[in-house]
Amino acid sequence: GESVGLHLPTLSVQEGDNSIINCAYSNSASDYFIWYKQESGKGPQFIIDIRSNMDKRQGQRVTVLLNKTVKHLSLQIAATQPGDSAVYFCAENLPGGGNKLTFGTGTQLKVEL
Amino acid sequence: GAVVSQHPSRVICKSGTSVKIECRSLDFQATTMFWYRQFPKQSLMLMATSNEGSKATYEQGVEKDKFLINHASLTLSTLTVTSAHPEDSSFYICSASRGGSSNQPQHFGDGTRLSIL
């Protein structure tokens, strides 16, 4: 059933601008982090991952930053395009957890023309 | 690589019906598959972890007799919602990860929209 009144945090950006999506993770022992993109009616799509021994990783138009001190993860999207409009989730993995992930609450990214 | 196929994409059925959802890894062997449930505008909630050849591990609060999981091969896991009722209506998503080492990303299917009348 649907939970009335819930809504996702929304980030609105102009096409061509850079987007920064933030995530606070819960467990200081987590050692692997992933960003996923979910379009309406579809499953999450892998974007980029980072291990806890790194603080930055870059992909094509995307950069993930990890700050273990404050348990913060961010996803930066350069030159945001209309096709980037989606819900973005961060996920964390605990060591010994058998690749089991805990997902964040998600952020809706809206790209305005 | 890492394509996961989920079938069917949408099911509408009467209350009391049992519904089976299939999850297949098409181009890799998946030692572990995961089943999630997602309500509108919410995050993914893990229901169970499915390991090939062994019993699934269910999350707290998920009824194992209600949500039957079978992982008979390295490329196929099934979720059966038994005697479904309107409150079981949701978006069910599976994922699969390669075996062999930790810190492997999960790759997701495109979900099954289940609507119970």
Side-chain angles (χ1 to χ4, degrees), chain A residues 1-10 21 23-26 29-54 57 59 64 66 86-110, chain B residues 1-7 9-10 21 23 30-51 54 56-59 85-116:
Chain A
E2 182 172 347
S3 297
V4 177
L6 283 181
H7 62 91
L8 290 168
T10 299
I21 300 171
C23 175
Y25 63 92
S26 58
S30 294
D31 65 350
Y32 179 55
F33 305 87
I34 310 174
W35 278 101
Y36 285 96
K37 171 187 180 183
Q38 187 179 27
E39 296 176 280
S40 181
K42 294 188 176 182
Q45 176 186 358
F46 173 86
I47 301 174
I48 192 168
D49 59 0
I50 188 169
R51 288 174 170 72
S52 59
N53 60 353
M54 303 173 68
R57 190 162 187 229
V64 55
L66 174 62
V87 177
Y88 290 81
F89 293 98
C90 67
E92 61 184 298
N93 175 237
L94 282 168
N99 293 327
K100 180 175 164 181
L101 295 175
T102 301
F103 280 79
T105 54
T107 297
Q108 174 85 56
L109 176 65
K110 293 186 176 180
Chain B
V3 178
V4 176
S5 174
Q6 193 171 335
H7 178 80
S9 58
R10 176 148 195 154
I21 303 169
C23 181
T31 304
T32 308
M33 289 184 171
F34 303 85
W35 287 96
Y36 295 84
R37 185 172 180 175
Q38 186 179 33
F39 291 110
K41 298 191 183 300
Q42 293 191 36
S43 189
L44 284 74
M45 291 173 47
L46 181 65
M47 298 173 67
T49 302
S50 169
N51 292 298
S54 63
T57 302
Y58 290 81
E59 295 299 301
H85 292 284
E87 59 266 28
D88 298 321
S89 298
S90 191
F91 192 51
Y92 292 87
I93 314 174
C94 74
S95 71
S97 63
R98 300 175 193 269
S101 64
S102 60
N103 293 347
Q104 294 283 339
Q106 292 180 24
H107 300 280
F108 287 82
D110 268 343
T112 298
R113 176 74 59 194
L114 177 61
S115 300
I116 307 298

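Since the model is a prediction, treat every value here as computed from it, not as a measurement. First the proteins, then the strands, lettered A, B, ... as listed; each starts at 1.
- Using a 4.5 Å cut-off between heavy atoms, B/Q38 touches chain A through its side chain atoms alone.
- Under 4.0 Å is where a charged nitrogen must lie from a carboxylate oxygen, and between B/E59 and A/K100 at least one such pair does.
- Proximity to chain A (any heavy atom under 4.5 Å) is restricted, for B/L46, to the side chain, taken from C-beta onward.
- Within the 4.5 angstrom heavy-atom criterion, only side-chain atoms of A/Y36, from C-beta onward, approach chain B.
- If you measure heavy-atom distances from A/F103 to chain B, the contacts under 4.5 Å come from both the backbone and the side chain.
- Note: B/L44 leads B/N51, B/T49, B/L44 in heavy-atom pairs under 4.5 Å with chain A.
- Around the NE2 atom of B/H7, the shell of radius 6.0 Å holds no more than 12 heavy atoms that belong to other residues, nucleotides or ligands.
- B/S50 places no side-chain N or O within donor-acceptor distance of the main-chain N or O of B/A56, the cut-off being under 3.5 Å.
- If you measure heavy-atom distances from A/Q108 to chain B, you find no contacts under 4.5 Å at all.
- Side chain of A/E92 to main chain of A/S26: a donor-acceptor pair is present (N/O by atom type, distance under 3.5 Å, no hydrogens or angles).
- Among A/A91, A/G43, A/G41, the residue with the largest count of heavy-atom pairs under 4.5 Å with chain B is A/G43.
- Under a 3.5 Å cut-off, the side chain of B/Q6 and the backbone N or O of B/C94 do form a donor-acceptor pair.
- A/T107 places no side-chain N or O within donor-acceptor distance of the main-chain N or O of A/Y88, the cut-off being under 3.5 Å.
- Contact of A/L101 with chain B is made through backbone and side chain together, with heavy-atom distances under 4.5 Å.
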